[in-house]
Amino acid sequence: MEEKDAGQAEHLTLNQENVRCYVGVGASAGGVEALQELFQHMPPDTGASFIIVQHLSPDAVSLMDKILQKSSSLPVQLAEEGAVPQPNHIYLNHPGKTLTMKEGKFHLESAHDRNQLYLPINLLFQSLASVSDVHAAAIILSGSGSDGAIGIGSIKENGGLVIVQKPTEAQYASMPQSAISTGMVDLILNVTQIGSSLREYLKNPHIQSMHQEEPDHMELAEDYSCILNAISQYSDIDFTIYKTNTIYRRIERRIALNNFHGVEEYLDYLLSTEEERAQLHRDLLIGVTSFFRDEEAFRHLGENVVIPLLKKKKSIRLWSIACSTGEEVYSLAILLCECMEYLHFTADVKIFATDVDQNAITTAQKGIYSESLLENLNQAILDRYFEHTSGGYLAGEKIRKMIVFAKHNIFRDAPFSKLDLIVCRNMFIYVKPEMQQKALASFYQLLVDDGYLFLGSSESVGDMGDAYNLLDKKWKIYSKNKQYSKKDISMYPALNMFGNFSPHQTERIQKANPLQKQLHSTNISEKLLFAMAGPSVLLNHEFKVLQVIQGGGQYMRMQDGQFDGGLSSFFSPSLAAFLNRLLLDSRKISDGIVEKRATGLADYPEEVLCVKVRFFNLTEGEYYLIQIKSEEKAESEAADSPMDLRELKDSRIQILENALNESNWNLKLAVEESESRNEELQATNEELLASNEELQSTNEEMQSVNEELYTINAEYQNKIVELTTANADFDNLLLNADVGALYVDENMHIRKITPHWYIC
């Protein structure tokens, strides 16, 4: 008996290993026809297990297995608890039950036992994405609502494939359209094309080897390094800090999706196609986020961190790193508002939200989200913190005013400081361990003594464990350990965007990508060694801060307001104006060095500041090095007389007045143009109003015609019933009449014969 059980287990294991892909298929209204057409054109040798979830009434009796079996040569059956999916099989969900994958087996759960909103397609996709050793794909067909739109994010995050039926073809386009609006869909196809595209994708050798175990520290092959460095140039992001196996999988996805079988082919295509560079960039940065993702984690954060902070501080500074499209940041703002209302207390809250993806930041700044992304929020939260608009829901002013969004790379750009809480969830799972430790060391320095750190549930502080005290083991909430001895670990490594590969390949990348060049520390390190003499700040040609050296000095500190990485974000207004003048002067001097002393700065009235600016005109670009130190008044009097700031102010005022006059002139022109356009718009608006009235009247007429048609239809239905009854009565009369009769029409064709006729 034991040998038989062992043989069955081995058989199941072999079958499971043969499954190339778990394909989740979501359908709702209008999905029966789409499913029939999908599997009628599905190749029989994909090697995938197809798991279908429909929106079914708990009391319904589903006949979908019998209906679908007529359209497909693949075996169709209802999924059973604990069963192992087989390749080239179709499985269906039971009415009233959710269907998910758990440890390679089907898991069924009653929908009535769940407290959350019933979204079975999302649940299936999320469970398939958690399977690490088998590829996952999601297909969304016709349906109303938006189920599946959140779940495809998990599939995409895990390197899976997302296919959606063309909305124009679907009977109900709501589900496909909601999925497309997330920006995570790979293919939008007619139903008849999905099967062949899926088979071609799964047969690609790059996909077949995707889930083979590879160590994170493995070296990228030369061609992959070329691809990675090309996209690094395009995006201004150093992707070499990402885990190698993650990078491999996402590059191989793009190779398979574009139907290439060789890396060289794809590299040439990438270098010559702007659209593909943008698509690969989006795939490498893909981030899954949602409002109150891991709701229990936010509850623990509120109890263990937010409420204690609010009780002892009137001003709180938070930094949300890798904020993506903003759902997490707005969740934090809502949490803070709810906690303040609970405590009947109001604090000054500033949340810095940053991400390397400018497109994501732009979406977050707009703060408009579709209904599908807000399904997890209860109606009370929606009414309190969001405003309903035509495009979905807009984040309200109450939470928007707390947040400052900015594009920012934590491994290169100057960080925020004096923070009470740093939120960095689910970013470390993508980057290499050594970069994680450098970031954590920097976080320690940026947090105030009683600050907190909030990581993702699958992340940890690693070797920096002594620097943080663990508050919540499950949800990875930490507090800063004030007793920890600080380690001097640099946060911003030098970037080498061209890697180690042949000059020929470097030339290919440079010719195909006339993109922004990076600052190569190897080219200017010698100059910087002679230039740096203590705390200083390095700027680029746009006067944006590139690097802070030895803290930047006591006069460099974060300023309130919109963060743009410029002088005004790091220096007081009067000092920023003074520095701006010296930066411009340094370009006019042959050696590029300007050194001035100044007194009477509005923000430092009692101090004498010595400011030195060095200008570097290098092949990589133009750079400025700023050094600021304070001098005793005795030293200042012995040296050259300090710069008269009144002249600087007068000159600055004159420049601003000229600029203001020019702006006023341009404004007048703009106002005149605006008035003329406004008149045109008013005329257009009147025409639209007239058209609207006509449409309303037409609509009323259509409604009345529709009512008449309903009435006529009802009358016809009654007539049909009467005729059916009369016909039945007549047939009964003929059958029971003891008379032989033959009925013919005008053409002498026999219409009816009574049974007695045959006897006669």
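Counting from 1, the numbers follow the sequence of the chain as shown. Values below: every heavy atom of this structure, side chains too, minus hydrogens, waters and symmetry copies.
In this structure the side chain of Ser144 never reaches within 4.5 angstrom of the side chain of Met175, judged on heavy atoms. You'll find the side chain of Val185 stays beyond 4.5 Å of the side chain of Lys156, heavy atoms only. Between Val329 and Ile351, the closest side-chain pair of non-hydrogen atoms falls below 4.5 Å. The side-chain heavy atoms of Phe411 and Met435, taken from C-beta on, include a pair separated by under 4.5 Å. Put simply, the side chain of Leu440 reaches to within 4.5 Å of the side chain of Leu453, judged on heavy atoms. With a 4.5 Å cut-off on side-chain heavy atoms, Val349 and Met340 count as touching. In this structure, Leu447 and Lys418 have side chains that are not in contact, with every pair of non-hydrogen atoms separated by 4.5 Å or more. Taking the side chain as every heavy atom from C-beta outward, Val131 and Tyr22 approach each other to under 4.5 Å.
If you check the side chains of Glu387 and Thr389, you find no donor sitting under 3.5 Å from an acceptor. In the model, Asn122 has no side-chain atom that pairs as donor or acceptor with a side-chain atom of Gln126 under 3.5 Å.
Atom CG in Leu119 sits 7.0 Å away from atom OG in Ser146 (nearest 0.5 Å). Residue Met184 holds its CE atom at 12.0 Å from CD1 of Ile155, rounded to the nearest 0.5 Å. One finds the CG atom of Leu309 at 10.0 Å from the SG atom of Cys339 (value rounded to the nearest 0.5 Å). Rounding to the nearest 0.5 angstrom, the gap separating the OH atom in Tyr242 from the CG atom in Leu228 is 10.0 Å. Within the model, atoms CG of Asn409 and OG1 of Thr354 stand 9.0 Å from one another, a figure rounded to the nearest 0.5 Å. Between atom CD1 of residue Ile247 and atom CD1 of residue Ile241 there is a gap of 9.5 Å, rounded to the nearest 0.5 Å.
A salt bridge links Glu341 to Arg384: at least one charged side-chain nitrogen sits closer than 4.0 Å to a carboxylate oxygen. A salt bridge links Glu296 with Lys474: the distance from a Lys NZ or Arg NE/NH1/NH2 to an Asp or Glu carboxylate oxygen falls below 4.0 Å. Note on Asp450 versus Lys482: no salt bridge recorded, every NZ/NE/NH1/NH2 to OD/OE distance being 4.0 Å or above. Residues Arg253 and Asp186 are paired through a salt bridge, judged by an N-O separation under 4.0 Å between the basic side chain and the carboxylate.
Nearest heavy atom pair, residue Leu141 against residue Ala27, reads CB-CB, 4.2 Å. Looking at every heavy atom in both residues, Gly143 comes nearest to Ser28 through CA-CB, 3.6 Å. The heavy-atom pair separating Val461 from Leu455 by the smallest distance is CG1-CD1, 4.1 Å. Across all their heavy atoms, Pro167 and Ile188 have their closest contact at CD-CG2, 4.2 Å. The two residues Gly302 and Pro308 come nearest to each other via the heavy atoms O-CD, 4.2 Å. Considering every non-hydrogen atom in both Leu124 and Ser127, the closest pair reads O-OG, 2.7 Å.
Here Phe106 and Tyr91 bring their ring centres to under 6.0 angstrom of each other. Within the 6.0 Å centre-distance limit, the rings of Phe416 and Trp319 are counted as a close aromatic pair.
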- Item | Verdict with reasoning, Tyr478 to Ser460, per side chain to side chain contact (heavy atoms under 4.5 Å, CB included) | CA-CA 10 Å; Tyr478 300 86; Ser460 68; 4.1 Å; yes
- Message: Ile237 vs His281, test: side chain to side chain contact (heavy atoms under 4.5 Å, CB included). Steps then yes/no.
- Response: CA-CA 10 Å; Ile237 299 171; His281 172 231; 3.9 Å; yes
- Where do His408 and Asp355 land on the side-chain hydrogen bond (donor to acceptor under 3.5 Å, both in side chains) test, with the steps shown first? CA-CA 5 Å; His408 184 277; Asp355 198 279; over 6 Å; no
- Task: Start with the C-alpha gap between Glu303 and Arg299, add the side-chain angles, then the distance that decides, and say whether salt bridge (charged side-chain N to carboxylate O under 4.0 Å, His left out) holds.
- Result: CA-CA 6 Å; Glu303 295 173 355; Arg299 182 172 60 81; 3.4 Å; yes
- Please step through side chain to side chain contact (heavy atoms under 4.5 Å, CB included) for the pair Leu187 and Leu257, ending with a clear verdict. CA-CA 9 Å; Leu187 298 171; Leu257 277 171; 4.2 Å; yes
- Query: So Ser320 and Glu328, side-chain hydrogen bond (donor to acceptor under 3.5 Å, both in side chains) or not? Walk me through it.
  - Reply: CA-CA 8 Å; Ser320 175; Glu328 178 182 80; 3.3 Å; yes
- Which is it for Tyr430 and Gln436 under the side-chain hydrogen bond (donor to acceptor under 3.5 Å, both in side chains) test, yes or no, and what are the steps along the way? CA-CA 10 Å; Tyr430 300 114; Gln436 297 178 23; over 6 Å; no
- Please walk me through it: do Gln445 and Ser442 pass side chain to side chain contact (heavy atoms under 4.5 Å, CB included)? CA-CA 5 Å; Gln445 298 175 9; Ser442 177; 5.5 Å; no
- Task: Output, in order, the C-alpha distance, side-chain angles, deciding distance and verdict of salt bridge (charged side-chain N to carboxylate O under 4.0 Å, His left out) for Asp294 and Arg425.
- Result: CA-CA 11 Å; Asp294 300 324; Arg425 304 188 73 213; 3.1 Å; yes
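Panel note: side chain Tyr444, backbone Tyr484; a donor-acceptor pair is recorded below 3.5 Å. At distances below 3.5 Å, at least one donor-acceptor pair connects side-chain atoms of Ser331 with backbone N or O atoms of Phe292. Under the 3.5 Å distance criterion, the side-chain polar atoms of Thr98 are matched with a main-chain donor or acceptor of Glu109. Using a distance-only test at 3.5 Å, with no hydrogens or angles considered, no donor-acceptor pair links the side chain of Asn158 to the main chain of Ser154. Within the 3.5 Å criterion, the main-chain N or O of Glu459 finds a donor-acceptor partner in the side chain of Lys476. One N or O on the side chain of Asn481 and one on the backbone of Asp466 form a donor-acceptor pair closer than 3.5 Å. In this structure, the side chain of Lys243 does not engage the main chain of Pro433 through any donor-acceptor pair within 3.5 Å. With hydrogens and angles ignored, the 3.5 Å screen pairs no side-chain donor or acceptor of Arg317 with any backbone N or O of Phe352. For Asp283 (side chain) and Ile251 (main-chain N/O), no donor-acceptor pair under 3.5 Å exists by modelled atom type. The backbone N or O of Gln279 lies less than 3.5 Å from no partner atom in the side chain of Arg254, so there is not a single donor-acceptor pair.
Atom NZ of Lys544 has more than 12 neighbouring heavy atoms from other residues, nucleotides or ligands inside a 6.0 Å radius. The number of heavy-atom neighbours closer than 6.0 Å to OH of Tyr393, taken from other residues, nucleotides and ligands shown, is above 12. The neighbour count for Phe345 CZ, taken as heavy atoms of other residues, nucleotides or ligands under 6.0 Å away, is above 12. Counting non-hydrogen atoms of neighbouring residues, nucleotides and ligands closer than 6.0 angstrom, the NZ atom of Lys312 exceeds 12 such neighbours.
The only member of Tyr385, Phe298, Phe386 that meets ring pair (Phe, Tyr, Trp, His ring centres under 6.0 Å) when paired with Phe291 is Phe386.
In this pair, His135 and Tyr201 present their aromatic rings tilted. The plane angle is within the 30 to 60° band.
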